[in-house]
Structures are given as structure tokens and as C-alpha cells.
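One structure is given here, and the rest of the page talks about it.
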Amino acid sequence: MTKTIEFYFDFSSPYGYFASFKIDGLAEGFGRMPVWKPIFLGAAFKKTGAKPLVDIPLKDEYSRLDWDRMGKYMEVPWRLPEPFPIAAVAPGRAFYWLHDRDAALARDFAKAIYAAYFADGKNISEPGVVAEVAAALGVEREAVLDALRDPAVKERFTRETDEAIEQGVFGSPFFVIDGEGFWGSDRMWMIKKKLQRSKW
């Protein structure tokens with residue numbers, strides 16, 4: 001059975017967005033399967049007492065600069081959207097609904113949602129926007145809207161978030177490899193070292 005790298009992220013997380021460009025290549029380079037797992041970071045913040053970086057003095061100005069640099073350094077589309085941050089619940093729910101039907105499609109959807117927010121500036125907290133993104137991938141728009149209203153779909157996203165927090169996930173991106181957690185896109189080099197050595 002192929003080993004995995006679990007990739008936890010929030011769709012409103014800039015660092016999660018940047019990590020999304022690298023995780024597949026990183027995992028596949030070591031014969032691992034990347035498992036994308038969106039969560040609602042607000043629930044983790046309630047647990048830890050953390051706040052979005054833009055709501056913290058000094059960190060606000062720095063993080064905006066850092067995100068701009070990351071976009072230029074990585075040569076990927078980037079702009080800080082408005083509004084920001086948002087509660088990216090709708091795309092998280094849609095992701096798991098899609099994942100239960102087609103895992104590859106769900107991953108394509110995740111990438112498209114990230115692009116819609118951080119490249120195109122669309123408000124992905126709105127169900128209509130989420131449905132439009134899915135529709136561009138061939139998913140029936142009304143089916144997505146119906147799914148977003150389904151209590152079972154809502155509960156699924158809540159459960160995935162709760163289980164992630166119970167496992168120790170508190171930020172975005174957060175990676176879990178063989179039970180060991182790594183927080184932040186700046187720890188991807190450390191993940192490579194771990195996979196190269198198999199142990200510390």
C-alpha cells in the first residue's frame with residue numbers, strides 16, 4: 001500500500017495556496033501519495049487562541065510583504081483578495097462531496113478554488129462562486145448547490161476539521177507524514193530530509 005503525505009490546508013490561507021503548487025511533486029518524488037485535506041482554520045484558532053496574521057500588529061505588514069515576495073519568487077499568480085480573510089466553509093464542503101465521487105476531480109477543484117481566490121480575487125465563501133468553479137470542471141452547478149445545503153455534507157466538513165485538530169493540526173499548511181506533523185510551507189525542506197533519511 002502506497003504511503004501518503006497528508007496535506008491539511010484552509011482555502012483562505014495564502015501559505016496553503018503556495019504549498020499547493022509543491023505538494024504533489026514533493027510527494028510523488030518520494031513515491032508517496034498526496035492526500036489533500038481542507039479544514040476550517042477558524043475552528044483551530046478557537047482551540048489555540050490564534051488570530052489571522054492580518055489581525056496582529058507588526059505581523060500584518062510583514063505577512064502582506066511576504067506573500068507578495070512568495071508570489072514573485074515562485075512565479076505564480078498572486079494578489080491579496082478582498083475580502084480577506086474569509087470563512088472558506090463552502091469550498092471545503094464541496095471538496096469532500098466531490099472527493100467521495102472522484103478524488104482526482106476533487107484535487108483539481110481545490111487547485112481551481114485556490115486560483116479563483118488568490119489569482120482572480122473571487123469570493124469563494126459564496127456558494128454561487130463555488131458552484132461556478134466546479135461547473136468549469138464539468139460538475140453540474142445545481143448539484144453542487146444542493147450538496148452545499150445538505151446537512152450530511154456540512155457535518156462531513158466539520159468532522160474532518162475536528163479530526164484534524166484532534167490529530168494536532170493547528171495551521172495551514174500542515175503536513176502529516178507517518179504520524180509526524182510539520183507546520184508551514186517553510187518546513188517542506190525538512191520533509192524532504194525526513195523522506196530521504198526515513199528517520200532523523
Exercise for the section: Answer with yes or no whether the hydrophobic clustering places Phe95 together with Phe174; edges join I, L, V, M, F, W, Y residues whose side-chain heavy atoms lie under 4.5 Å apart. Expected result: no
Problem - Heavy-atom side-chain contact between Phe84 and Pro14 under 4.5 Å - result: yes
Handout entry: Neighbour count >12 (heavy atoms, 6.0 Å) for atom CG, Leu65
Key = yes
Problem - Flag side-chain contact, heavy atom, 4.5 Å: Val54 against Pro85 - result: yes
Exercise for the section: Please check if atom CD in Glu61 has more than 12 non-hydrogen atoms from other residues, nucleotides or ligands closer than 6.0 Å. Expected result: no
Exercise for the section: Treat each ILVMFWY residue as a node, draw an edge where side-chain heavy atoms are under 4.5 Å apart, and state whether Ile23 and Ile177 are in one component. Expected result: yes
Practice task
Check step by step if side-chain contact (heavy atoms from CB on, under 4.5 Å) holds for Leu26 and Phe7.
Solution key: CA-CA 11 Å; Leu26 172 63; Phe7 169 44; over 6 Å; no
Exercise for the section: Over 60° means perpendicular and under 30° means parallel, so classify the ring planes of Trp78 and Tyr17, tilted if in between. Expected result: tilted
Handout entry: Residues which pass side-chain contact (heavy atoms from CB on, under 4.5 Å) with Ala135, listed by chain and number, not counting sequence neighbours
Key = Arg141
Problem - side-chain contact (heavy atoms from CB on, under 4.5 Å) involving Arg187 - partner list, sequence neighbours excluded - result: Phe182, Trp189, Met190
Problem - Test side-chain contact (heavy atoms from CB on, under 4.5 Å) applied to Ile124 and Val133, step by step - result: CA-CA 9 Å; Ile124 59 170; Val133 172; 5.5 Å; no
Problem - Hphob cluster co-occupancy, Leu137 + Val129, side-chain heavy atoms under 4.5 angstrom - result: yes
Fill in the blank from the handout: Taken in chain and number order and not counting sequence neighbours, the residues that satisfy side-chain contact (heavy atoms from CB on, under 4.5 Å) with Glu82 are none
Practice task
Measure the shortest side-chain to side-chain distance between Pro81 and Asn123 over non-hydrogen atoms and say whether it is less than 4.5 angstrom.
Solution key: no
Exercise for the section: Indicate the atoms forming the closest heavy-atom contact of Phe40 with Ala87, along with that distance. Expected result: CE1-CB, 3.9 Å
Handout entry: Tyr114 and Phe9 aromatic ring geometry - parallel, tilted or perpendicular at 30°/60° bounds
Key = tilted
Practice task
Check whether any side-chain heavy atom of Phe45 sits under 4.5 Å from a side-chain heavy atom of Leu41, and report yes or no.
Solution key: yes
Practice task
Verify the cluster assignment for Val144 and Phe11: are they in a single hydrophobic cluster under the rule of side-chain heavy atoms below 4.5 Å apart?
Solution key: yes
Exercise for the section: Mind checking side-chain contact (heavy atoms from CB on, under 4.5 Å) for Asp162 and listing every partner two or more places apart, or none if nothing turns up? Expected result: Thr158
Handout entry: Asp66/Tyr15 under side chain to side chain donor-acceptor pair (under 3.5 Å): CA gap, chis, key distance, verdict
Key = CA-CA 10 Å; Asp66 197 45; Tyr15 290 119; 2.5 Å; yes
Handout entry: Enclosure of Met74 CE (heavy-atom neighbours >12, cutoff 6.0 Å)
Key = yes
Problem - Closest non-hydrogen atom pair, Gly16 against Ser172 - result: CA-OG, 3.9 Å
Exercise for the section: Mind listing the closest non-hydrogen atom pair of Ala147 and Val153 along with its distance? Expected result: O-CB, 3.3 Å
Handout entry: side-chain hydrogen bond (donor to acceptor under 3.5 Å, both in side chains): pairs with one or both residues in residues 23-47, sequence neighbours excluded
Key = Glu6-Lys37, Asp24-Trp36, Asp24-Arg107, Asp24-Lys111, Arg32-Asp178
Practice task
Might you confirm whether atom NZ of Lys22 has over 12 heavy atoms from other residues, nucleotides or ligands at distances under 6.0 Å?
Solution key: no
Exercise for the section: Mind listing the closest non-hydrogen atom pair of Ala88 and Ser12 along with its distance? Expected result: CB-N, 4.0 Å
Handout entry: Verdict with reasoning, Tyr117 to Ile86, per side-chain contact (heavy atoms from CB on, under 4.5 Å)
Key = CA-CA 10 Å; Tyr117 191 44; Ile86 57 170; 3.6 Å; yes
Completion exercise
d(Lys194 NZ, Arg197 CZ) to nearest 0.5 Å is 11.0 Å
Practice task
First locate atom OG1 of Thr161, then atom OH of Tyr96, and finally report the distance between them rounded to the nearest 0.5 Å.
Solution key: 6.5 Å
Practice task
Give the minimum heavy-atom separation between Ser125 and Ala90, together with the two atoms involved.
Solution key: O-CB, 3.9 Å
Handout entry: Trp67-Ile113 co-clustered via ILVMFWY side chain contacts under 4.5 Å
Key = yes
Handout entry: Closest heavy-atom pair and its distance - Phe109, Ala94
Key = CZ-CB, 3.7 Å
Practice task
Taking the side chain as every heavy atom from C-beta outward, state whether Phe170 and Ile165 have any atom pair closer than 4.5 Å.
Solution key: no
Handout entry: Beyond-backbone contact of Phe30 with Ile191, side-chain heavy atoms, under 4.5 angstrom
Key = no
Problem - Residue pairs involving residues 49-60 (criterion side-chain hydrogen bond (donor to acceptor under 3.5 Å, both in side chains); sequence neighbours excluded) - result: Asp60-Arg64
Practice task
Answer yes or no: is there a side-chain heavy-atom contact under 4.5 Å between Leu148 and Trp97?
Solution key: no
Practice task
Using atom types as modelled and distance alone, determine if a side-chain donor or acceptor of Arg79 lies under 3.5 Å from a backbone N or O of Asp120.
Solution key: yes
Completion exercise
CD of Glu155 to CD of Glu160, rounded to nearest 0.5 Å, is 9.5 Å
Practice task
Taking the side chain as every heavy atom from C-beta outward, state whether Pro77 and Phe118 have any pair of such atoms under 4.5 Å apart.
Solution key: no
